[in-house]
Amino acid sequence: TACSSKSVLSQMHPMWLGPLEVPGGDHQSPIDIAVKKAVFDSDLKPLESSYDPQTCQQIWNNGYSFLVEYDDTTDKNTLKGGPLQDKYRLCQFHFHWGESNDWGSEHTVDRRLFPAELHLVHWNSDRYTLFEEAVMEENGLAVIGIFLKVGKRHEGLQKLVDALPAIRHKDSVVEFTRFDPASLLPSNIDDYWTYHGSLTTPPLTESVTWIVMKQHIEVSHDQLAVFRSLLFTSAEEEVQKSMVNNFRVQQPLRGRTVRSSFT
Ligand SMILES: NS(=O)(=O)c1ccc(C(=O)NCc2cccc(O)c2)cc1
Ligand SMILES: [Zn+2]
């Protein structure tokens with residue numbers, strides 16, 4: 001799909017070498033969400049998502065995370081409402097996680113780290129025709145961030161976990177169908193924080209309306225352990241490196257306001 005981003009990601013330096021500073025970037029992500037400093041905005045509407053599991057295409061290891069990709073050539077998987085003025089199309093979702101359950105998320109809440117974070121990546125299909133276009137524009141992307149906590153097993157996640165051994169190495173891809181991204185949403189998606197930020201990996205473009213859910217989802221310790229069995233490295237490389245700690249450190253707020261949809 002347009003957002004498969006094989007080209008761009010593979011040209012980037014293979015390992016995430018730490019918080020690459022963007023000269024002059026003052027809307028960078030992720031950030032710490034200081035709950036008391038968030039401003040309640042009663043104009044924020046409930047989020048409206050509509051996903052079609054039939055449009056799920058593949059799951060692949062891009063050398064930094066694993067992505068589940070959807071056919072984004074039609075408006076089958078849409079997100080609107082919330083802070084969004086336009087309709088956005090899901091192209092992929094992926095995760096960030098740590099080597100231990102003590103850290104791994106990109107955003108933090110009052111400096112609290114979660115073991116992992118899920119990102120559902122959407123692009124503005126009202127204004128642009130391709131992900132590649134939208135990613136360069138201020139209102140181009142909308143990413144839903146959902147925190148993961150270790151607890152009970154997540155039944156919806158298991159189908160995805162079972163597919164991971166087949167994509168252990170960088171650039172491995174397998175067909176992956178009939179997966180409903182809605183199964184990964186928390187029960188309450190009306191309570192969220194929202195702010196303007198960036199991609200958390202190069203090219204770090206400041207084109208993202210972030211929508212970070214207040215309610216986390218729970219996955220089991222064993223399910224998260226399978227994430228850590230993935231490798232950053234391709235099959236040919238002599239030294240194999242575990243895919244862990246694939247998160248960016250929190251960036252300065254630089255005067256931005258985080259709004260909340262709840263009091
Ligand atoms: N972690 S994140 O959700 O901020 C995120 C989402 C998508 C991407 C992404 O698609 N990167 C590849 C890319 C970027 C710009 C242009 C492209 O064609 C591809 C990177 C980070
Ligand atoms: Zn991400």
Side-chain angles (χ1 to χ4, degrees), residues 1-20 22 25 27-31 33 57-70 72-73 77 79 84 88-98 103-108 113-125 128-148 160 170-171 173 181 184 192-213 217 227 230 232 243-251 256:
T1 62
C3 74
S4 68
S5 66
K6 258 199 190 57
S7 58
V8 182
L9 271 180
S10 54
Q11 282 146 26
M12 292 168 201
H13 46 76
M15 273 286 286
W16 178 241
L17 300 175
L20 197 134
V22 180
H27 282 201
Q28 288 291 290
S29 294
I31 59 166
I33 295 167
Q57 289 182 321
Q58 59 189 20
I59 185 169
W60 68 290
N61 177 331
N62 68 3
Y64 176 63
S65 181
F66 65 89
L67 287 78
V68 176
E69 294 190 322
Y70 287 77
D72 63 353
T73 55
N77 299 302
L79 178 70
L84 306 172
Y88 289 69
R89 212 179 266 181
L90 175 73
C91 61
Q92 53 103 332
F93 68 79
H94 63 273
F95 298 79
H96 303 263
W97 60 91
W103 65 81
S105 62
E106 297 212 298
H107 291 89
T108 51
L113 287 156
F114 291 83
E117 185 172 333
L118 160 60
H119 290 157
L120 293 134
V121 182
H122 308 73
W123 54 274
N124 189 329
S125 57
Y128 311 108
T129 51
L130 279 179
F131 170 84
E132 270 80 355
E133 272 177 73
V135 74
M136 308 312 287
E137 305 297 332
E138 195 164 338
N139 55 13
L141 303 184
V143 182
I144 297 177
I146 299 170
F147 295 115
L148 275 63
L160 183 155
K170 177 181 177 202
D171 292 333
V173 191
L184 298 177
Y192 57 82
W193 294 283
T194 184
Y195 75 98
H196 188 259
S198 73
L199 298 181
T200 64
T201 59
L204 302 168
T205 38
E206 297 180 342
S207 54
V208 183
T209 298
W210 278 97
I211 299 166
V212 180
M213 290 295 151
I217 59 172
F227 283 24
L230 293 174
F232 280 127
M243 184 180 277
V244 292
N245 302 329
N246 54 357
F247 55 84
R248 189 188 195 194
V249 292
Q250 292 78 40
Q251 302 296 307
R256 287 173 283 179

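Here, residue 1 is the first one in the sequence, and each next residue gets the next number. Whatever order the structure lists ligands and atoms in, that order sets their numbers, starting from 1. Just so it is clear, the model here is predicted, and its values are computed rather than measured.
Using a 3.5 Å distance cut-off with no hydrogens or angles, the side chains of Q58 and E69 do pair a donor with an acceptor. Checking Y88 against N77 by side-chain atom types alone, no donor-acceptor pair falls below 3.5 Å.
Counting heavy atoms from C-beta on, the side chains of F93 and L118 come closer than 4.5 Å.
Residue-ligand proximity, E132 to ligand 1, at heavy-atom distances under 4.0 Å covers atoms 18 (O). Counting the atoms of ligand 1 from 1 in the order shown, those under 4.0 Å from a heavy atom of T201 are 20 (C), 21 (C). Heavy-atom proximity to V135, at under 4.0 Å, picks out these atoms of ligand 1: 15 (C), 16 (C). Ligand 1 places these atoms under 4.0 Å from at least one heavy atom of F131: 10 (O), 17 (C), 19 (C).
Only side-chain heavy atoms of W210 come within less than 4.0 Å of ligand 1; its backbone N, CA, C and O stay farther off. With a heavy-atom cut-off of 4.0 Å, S29 does not touch ligand 1 at all. Of all the heavy atoms of V121, the ones lying under 4.0 Å from any atom of ligand 1 belong exclusively to the side chain. Proximity of T200 to ligand 1, defined as any heavy-atom pair under 4.0 Å, is shared by backbone and side chain alike.
Just one of E106, E117, R248, H107 meets the side chain to side chain donor-acceptor pair (under 3.5 Å) condition when paired with H96; it is E106.
Considering both main-chain and side-chain atoms, H96 comes within under 3.5 Å of ligand 1 through a nitrogen or oxygen pair.
Every heavy atom of R248 sits 4.0 Å or more from the atoms of ligand 1. Contact between Y64 and ligand 1 is absent, with no heavy atom of the residue lying under 4.0 Å from the ligand. Under a 4.0 Å heavy-atom criterion, H94 is in contact with ligand 1.
Residues W97 and F66 place their aromatic rings such that the two centres sit under 6.0 Å apart.
A donor-acceptor pair under 3.5 Å is formed between the side chain of R256 and the backbone N or O of H196. Proximity of a side-chain donor or acceptor of S198 to a complementary backbone N or O of Q28 within less than 3.5 Å is not detected.
Between P203, S207, A134, P202, it is P203 that holds the heavy atom closest to atom 15 (C) of ligand 1. Residue nearest to atom 7 (C) of ligand 1, selected from E106, H122, Q92: Q92 (by heavy-atom distance).
Rounded to the nearest 0.5 Å, atoms CD (E138) and OG1 (T205) are 11.5 Å apart. Between W193 atom CH2 and I31 atom CD1 the span is 10.5 Å, to the nearest 0.5 Å. Interatomic distance, L184 CG to I146 CD1, rounded to the nearest 0.5 Å: 7.0 Å.
Protein N/O/S atoms closer than 2.8 Å to the Zn ion (ligand 2): H94 NE2, H96 NE2, H119 ND1.
Contact record, H94 with S65: CB-OG, 3.7 Å, taken as the closest heavy-atom pair.
Taking the six-membered ring where the residue is Trp, Y64 and F232 present parallel rings, their angle staying beneath 30° rather than reaching 60°. Relative ring orientation between Y195 and W210 is described as parallel, the plane-to-plane angle staying below 30° on a 0-90° scale split at 30° and 60°.
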